[in-house]
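Accompanying notes for the structure given below.
For reference, positions follow the sequence shown, starting with 1.
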Amino acid sequence: VQLQAFGGGMVQPGGSLRLSCAASGFTVRKYGIGWFRQAPGKEREGIGYISGTGTTIDYAESVKGRFTLSRANAKNTIYLQMNNLKPDDTAIYYCARPRNAHSLVGNRFITGRYGLWGQGTQVTVSS
């Protein structure tokens, strides 16, 4: 049972990247998936959450309007489309699965609510 995040890289400000979170060993449509990021010297912060059905999507204010979550359940994969990237978006990005299969309510960006983490993918936004 694991998650693997990939698709990171280096991009100029204003550019775009699409991150993928591939799940194996479990059926991703049964779970919501959260995305987090951690910049050097900073705490890990939640930036997005999508429920198993895709009907509930939540974004942190810092990325709202620029980042878009989607899921391809047939591929057992979650996508994070990131547009208009800024230098402040530079971080390691992680996807994570909550500890239970129920759709999360309340604050979905508490790291302790997640029990399975991918290994992270580096995103660097720089000119």
In one Ile/Leu/Val/Met/Phe/Trp/Tyr side-chain cluster, 4.5 Å: F67, Y79:
no
Between T77 and K75 (side chain of the first, backbone of the second, donor and acceptor by atom type, cut-off under 3.5 Å), is there such a pair?
yes
Find out whether R97 and V1 are in side-chain contact, i.e. whether some heavy atom of one side chain is under 4.5 Å from a heavy atom of the other.
yes
Please set out all donor-acceptor pairs under 3.5 angstrom arising from side-chain atoms of residues 17-34, sequence neighbours excluded.
none

I need the minimum non-hydrogen distance between S16 and Q81, along with the two atoms involved.
CB-NE2, 3.9 Å
Looking at every heavy atom in both A39 and A91, which two are closest together, and how far apart are they?
N-CB, 3.8 Å
Distance check, rounded to the nearest 0.5 Å: R108 atom CZ versus I50 atom CD1?
11.5 Å
Distance (rounded to the nearest 0.5 Å) between I57 CD1 and R71 CZ
9.0 Å
Could you tell me if the side chain of R37 sits less than 4.5 Å from the side chain of V123, heavy atoms only?
no
Please check if V105 and W35 belong to a single hydrophobic cluster, counting links between Ile, Leu, Val, Met, Phe, Trp and Tyr side chain heavy atoms closer than 4.5 Å.
no
Which residue, N83, N84, D89, forms the side-chain hydrogen bond (donor to acceptor under 3.5 Å, both in side chains) with R66?
D89
L104: which other cluster members, linking ILVMFWY side chains closer than 4.5 Å, directly or transitively?
F36, Y49, I92, Y94, F109, Y114, W117
Donor-acceptor pair, side chain of Q4 and main chain of Q119, under 3.5 angstrom:
no
Quick check: do I47 and E45 have side-chain heavy atoms less than 4.5 Å from each other?
yes
Hey, could you give me the CZ/CG distance between R113 and N100, rounded to the nearest 0.5 Å?
8.0 Å
d(D88 CG, K42 NZ) to nearest 0.5 Å is 6.0 Å
Do side-chain atoms of T121 reach the backbone of Y93 as a donor and acceptor pair under 3.5 angstrom?
no
Can you tell me how far OH of Y59 sits from CG of L69, rounded to the nearest 0.5 angstrom?
4.5 Å
Point-to-point distance, once rounded to the nearest 0.5 Å, from SG of C95 to CZ of F6
9.5 Å
